[in-house]
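Since the structure comes first, as structure tokens, the remarks are kept for the end.
Atoms considered below: every heavy atom in the structure, side chains included; atoms not considered: hydrogens, waters and symmetry mates. Residue numbers begin at 1 in each chain, while the letters A, B, ... track the order of the sequences.
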Amino acid sequence: NAGVTQTPKFRVLKTGQSMTLLCAQDMNHEYMYWYRQDPGMGLRLIHYSVGEGTTAKGEVPDGYNVSRLKKQNFLLGLESAAPSQTSVYFCASSYTYLGPVVRINEQFFGPGTRLTVL
Amino acid sequence: DAKTTQPTSMDCAEGRAANLPCNHSTISGNEYVYWYRQIHSQGPQYIIHGLKNNETNEMASLIITEDRKSSTLILPHATLRDTAVYYCIVQDYGGSQGNLIFGKGTKLSVKP
């Protein structure tokens with residue numbers, strides 16, 4: 001049981017280049033999230049997904065796109081990288097208790113991807 | 001914006017209890033209090049959560065005041081490996097997003 005994994009661990013891009021970050025989870029979780037963390041700051045939500053085939057914008061979505069074609073994978077894309085996107089990117093997943101009240105449980109985080117845009 | 005207020009940093013002696021306070025005076029009735037920690041740039045790790053009753057698990061205890069406007073995370077016997085940034089987060093369990101709103105947290109330094 002690997003939990004949440006992220007690929008790659010490190011990446012250096014030049015301004016204008018594109019790339020895709022891959023997040024995979026083997027816990028059969030419905031919810032998946034992409035956060036970014038800048039130095040000395042807390043995490044900020046970029047995009048999230050509440051199930052296969054669905055995505056939604058978070059707090060800081062500009063410059064990013066996402067896709068959730070399979071339940072276990074959540075992809076984060078940068079179409080034209082900018083230096084302001086230099087950050088550490090964390091993926092997370094969680095499950096919900098479905099019943100009279102939807103209960104969203106604790107999130108499990110991946111190890112992060114350190115991205116530098118020159 | 002984060003709905004919580006935490007001290008920027010705290011020190012604790014190894015082996016002693018670490019008590020980390022959190023103020024969440026605007027918490028609403030359907031919001032839980034969650035605690036996560038982040039050890040040296042690793043991904044955040046879930047610690048504990050609660051609604052109104054005190055909670056305990058193998059990692060920590062969570063004490064929530066009766067009016068729910070503040071809480072304290074207690075690490076009963078802190079070790080050097082507990083040095084981390086601790087985040088207190090309130091989350092609406094009835095919401096459809098589930099995203100966590102992180103503040104800057106409390107940097108706990110456990111010293112020998």
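Around CD of Glu79(A), the count of heavy atoms belonging to other residues, nucleotides or ligands within 6.0 Å does not exceed 12. Residue Lys107(B) places its NZ atom among 12 or fewer non-hydrogen atoms of other residues, nucleotides or ligands, all under 6.0 Å distant.
Tyr35(A) and Tyr87(B) fall within the same hydrophobic cluster, where Ile, Leu, Val, Met, Phe, Trp and Tyr residues are linked whenever their side-chain heavy atoms come under 4.5 Å apart, directly or through other members. A single hydrophobic cluster is seen to contain both Val60(A) and Tyr89(A), as judged by linkage of ILVMFWY side chains at heavy-atom distances under 4.5 Å, directly or through other members. Met59(B) and Leu62(B) fall within a single hydrophobic cluster, where Ile, Leu, Val, Met, Phe, Trp and Tyr side chains are chained together by heavy-atom contacts under 4.5 Å. Cluster annotation: Phe109(A) is not connected to Ile46(A) through the hydrophobic network of ILVMFWY side chains, with a link wherever side-chain heavy atoms come within less than 4.5 Å.
For chain B, the nearby part of Arg114(A) is the side chain; its heavy atoms alone come within less than 4.5 Å. Using a 4.5 Å cut-off between heavy atoms, Gln37(A) touches chain B through its side chain atoms alone.
Here the closest non-hydrogen pair linking Tyr46(B) and Glu106(A) is CD1-CB, 3.2 Å.
Two residues are said to be in side-chain contact when any heavy atoms from C-beta on lie closer than 4.5 Å; Met41(A) and Phe102(B) fail this criterion. Ser41(B) has its side chain out of reach of Val88(A): every pair of non-hydrogen atoms, C-beta onward, lies at least 4.5 Å apart. Under the 4.5 Å side-chain criterion, counting only non-hydrogen atoms from C-beta, Gln107(A) is not in contact with Tyr34(B).
Chosen from Gly58(A), Gly42(A), Gly40(A), Gly112(A), the residue pairing most often with chain B at heavy-atom distances under 4.5 Å is Gly42(A).
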